[in-house]
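Dumping the structure here so I can ask a few things about it.
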Amino acid sequence: MIAREELVHIGKITKSHGLNGELEIDVNSELFEECETPYIVAETDGIFIPFFIEEYRYKNENTYLFSLKGIENEMDAKELIKRDIYIHKKFLTEGIDASELEGNSYFIGFSIFTEEEQFIGEVVDIDDTTENVLFLLHDKNKNELIIPASDDFVVNIDEQRKKIIMSLPEGLLSL
């Protein structure tokens, strides 16, 4: 069984491509190019499942088209759309620091708490398309929250427990 701690987030499946099960995947191309992996990993029902790469090709700067073993048609491919993609850390080139290459996506899966230890939510995605990076969270009721991922608000990061303590401005969570 593959554990989350063994993996590095590299991207997301965005859509199927064609009728033969090919997938379009937006990846951290720098990270993907720094590894030699026979498979990519996707989470399904809380279990990390490897999908062996038959072939892949470059589409544009951060997008690749993948053919995966067992994904034979458009229907198979559609089941994987919007899933995060990971690689096993053991396939990274020696000396590569996964957390540096992963960038902000390293924090996906971390839980955010207030200084009073009140659970705010789990980081499900990072929006770094603007100058101000944002954590996209799901709270305990699966409601979506958006908070700034600013160093000014971070009090502590416990990487072992995947926990971030933040001091947020009053009223921010009610927006």
Side-chain angles (χ1 to χ4, degrees), residues 1-93 96-112 121-149 162:
M1 186 182 236
I2 301 172
R4 170 65 179 106
E5 297 76 37
E6 300 172 55
L7 302 174
V8 178
H9 182 266
I10 65 161
K12 188 176 216 113
I13 298 173
T14 54
K15 60 184 178 178
S16 63
H17 182 82
L19 302 174
N20 297 325
E22 199 169 39
L23 294 163
E24 186 171 298
I25 302 178
D26 286 344
V27 300
N28 175 332
S29 58
E30 183 180 350
L31 183 57
F32 185 66
E33 291 167 8
E34 290 294 337
C35 73
E36 292 185 30
T37 182
Y39 59 85
I40 58 175
V41 178
E43 186 176 4
T44 302
D45 298 325
I47 299 170
F48 292 101
I49 300 172
F51 290 91
F52 286 86
I53 301 169
E54 289 183 339
E55 66 179 338
Y56 67 90
R57 66 184 192 275
Y58 174 86
K59 181 176 179 187
N60 60 41
E61 185 177 343
N62 291 315
T63 305
Y64 289 79
L65 299 173
F66 280 78
S67 292
L68 303 174
K69 187 171 182 147
I71 307 300
E72 307 291 327
N73 55 52
E74 188 177 13
M75 187 78 98
D76 294 340
K78 284 187 177 185
E79 290 185 31
L80 296 173
I81 293 173
K82 295 188 179 176
R83 302 225 183 182
D84 288 313
I85 296 300
Y86 305 86
I87 57 171
H88 202 286
K89 289 179 181 178
K90 69 183 178 185
F91 295 118
L92 287 176
T93 304
I96 299 296
D97 182 352
S99 64
E100 282 183 28
L101 287 175
E102 255 186 305
N104 293 322
S105 65
Y106 174 76
F107 296 105
I108 292 175
F110 276 62
S111 294
I112 308 288
E122 181 180 334
V123 180
V124 294
D125 204 358
I126 307 286
D127 181 354
D128 57 4
T129 58
T130 64
E131 190 173 326
N132 297 317
V133 177
L134 301 170
F135 285 139
L136 305 175
L137 311 172
H138 282 165
D139 67 11
K140 64 182 177 188
N141 297 319
K142 299 291 184 199
N143 295 316
E144 188 172 282
L145 302 171
I146 300 172
I147 61 172
K162 298 186 72 151

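Residue numbers count from 1 along this sequence. What you see below is based on every heavy atom in this structure, not just the backbone, and it leaves out hydrogens, waters and symmetry mates.
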Inset, instruction - Run the salt-bridge test on Lys12 and Asp84 with the 4.0 Å N-O cut-off and return the result as yes or no. - result: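 Counted as a salt bridge, because a side-chain N and a carboxylate O are separated by less than 4.0 Å.
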With sequence neighbours left out, which residue pairs that include part of residues 48-60 fulfil the salt bridge (Lys or Arg N to Asp or Glu O under 4.0 Å) condition?
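Only Glu22-Arg57, Glu24-Lys59 qualify under salt bridge (Lys or Arg N to Asp or Glu O under 4.0 Å).
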Return all side-chain donor-acceptor pairs below 3.5 angstrom for residues 136-144, not counting sequence neighbours, or 'none' if the list is empty.
unit_1	atom_1	unit_2	atom_2	d
Asp139	OD1	Asn141	N	2.9
Asp139	OD1	Lys142	N	3.1
Asp139	OD1	Asn143	N	2.8
Asp139	OD2	Asn143	ND2	3.3

Any non-hydrogen side-chain atom of Ile10 less than 4.5 Å from a side-chain atom of Tyr86?
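A side-chain contact is absent here, since even the closest heavy-atom pair is not under 4.5 Å.
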(message) If you apply the rule side-chain contact (heavy atoms from CB on, under 4.5 Å), what do you find for Phe66 with Ile53, and how did you get there?
(response) CA-CA 7 Å; Phe66 280 78; Ile53 301 169; 3.8 Å; yes
_Distance in Å, Ser16 OG paired with Leu80 CG, rounded so as to fall on 0.5 Å steps_ =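 Ser16 atom OG to Leu80 atom CG measures 10.0 Å (nearest 0.5 Å).
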Which heavy atom of Ile2 sits nearest a heavy atom of Phe48, and at what distance?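 Here Ile2 and Phe48 meet closest at O-CD1, 3.6 Å.
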Open item on the list: side-chain contact (heavy atoms from CB on, under 4.5 Å) for Thr63 and Asn60? Distances and angles first, verdict last.
Closed with: CA-CA 5 Å; Thr63 305; Asn60 60 41; 3.1 Å; yes
- Message: Can you tell me how the ring of Tyr64 sits relative to the ring of Tyr56, calling it parallel under 30°, perpendicular over 60° and tilted otherwise?
- Response: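 Geometry flag for Tyr56 against Tyr64: perpendicular rings.
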* What closest approach, in Å, do Ile85 and Ala42 show between heavy atoms, and which atom pair accounts for it? ->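 Heavy atoms of Ile85 and Ala42 come nearest at CD1-CB, 4.1 Å.
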query: Are the aromatic ring centres of Tyr39 and Phe51 under 6.0 angstrom apart?
result: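 No, too far apart.
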- Task: Identify, with sequence neighbours excluded, every residue that meets side chain to side chain contact (heavy atoms under 4.5 Å, CB included) alongside Asn20.
- Result: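 By the side chain to side chain contact (heavy atoms under 4.5 Å, CB included) rule, Asn20 matches no residue at all.
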Is there side-chain contact between Ile112 and Val123, with heavy atoms separated by less than 4.5 Å?
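Yes. Closest side-chain heavy atoms under 4.5 Å.
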| query | With side chains defined as the heavy atoms from C-beta onward, is the minimum distance between Ile126 and Ile108 less than 4.5 Å? | reply |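 Yes; the side chains approach each other to less than 4.5 Å.
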- Do you know which two heavy atoms are closest between Ile87 and Cys35, and how far apart they sit?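 Where Ile87 meets Cys35 most closely, the heavy atoms are CD1-SG, 3.6 Å.
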- Task: Please lay out, stage by stage, how Ile40 and Val27 fare under the test side-chain contact (heavy atoms from CB on, under 4.5 Å).
- Result: CA-CA 11 Å; Ile40 58 175; Val27 300; over 6 Å; no
Partner residues of Glu74 under the salt bridge (charged side-chain N to carboxylate O under 4.0 Å, His left out) criterion, sequence neighbours left out =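 Partners of Glu74 under the salt bridge (charged side-chain N to carboxylate O under 4.0 Å, His left out) test: Lys78.
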Item to complete: Decide side-chain contact (heavy atoms from CB on, under 4.5 Å) for Leu19 and Asn73; before the verdict, give the C-alpha distance in whole Å, the side-chain angles of both, and the deciding distance to 0.1 Å.
Response: CA-CA 6 Å; Leu19 302 174; Asn73 55 52; over 6 Å; no
**OP:** For Lys69, enumerate each residue passing the salt bridge (charged side-chain N to carboxylate O under 4.0 Å, His left out) test, keeping only those at least two apart in sequence or located in another chain.
**Re:**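 Expected list: none.
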* To do: Indicate yes or no: at least one non-hydrogen side-chain atom of Asn132 is less than 4.5 angstrom from one of Pro148.
  =>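 Answer no - side chains too far apart.
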Notebook entry, point to check: Shortest non-hydrogen contact from Ile81 to Thr14?
Noted result: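 Scanning both residues, the minimum pair turns out to be CG2-O, 3.5 Å.
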#### Entry: Shortest non-hydrogen contact from Leu68 toward Leu23
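Closest heavy-atom pair between Leu68 and Leu23: CD1-CD1, 3.7 Å.
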| request: Just jot down the side-chain hydrogen bond (donor to acceptor under 3.5 Å, both in side chains) partners of His88, sequence neighbours excluded, or say none. | output: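 Per chain and number, His88 pairs via side-chain hydrogen bond (donor to acceptor under 3.5 Å, both in side chains) with Glu6.
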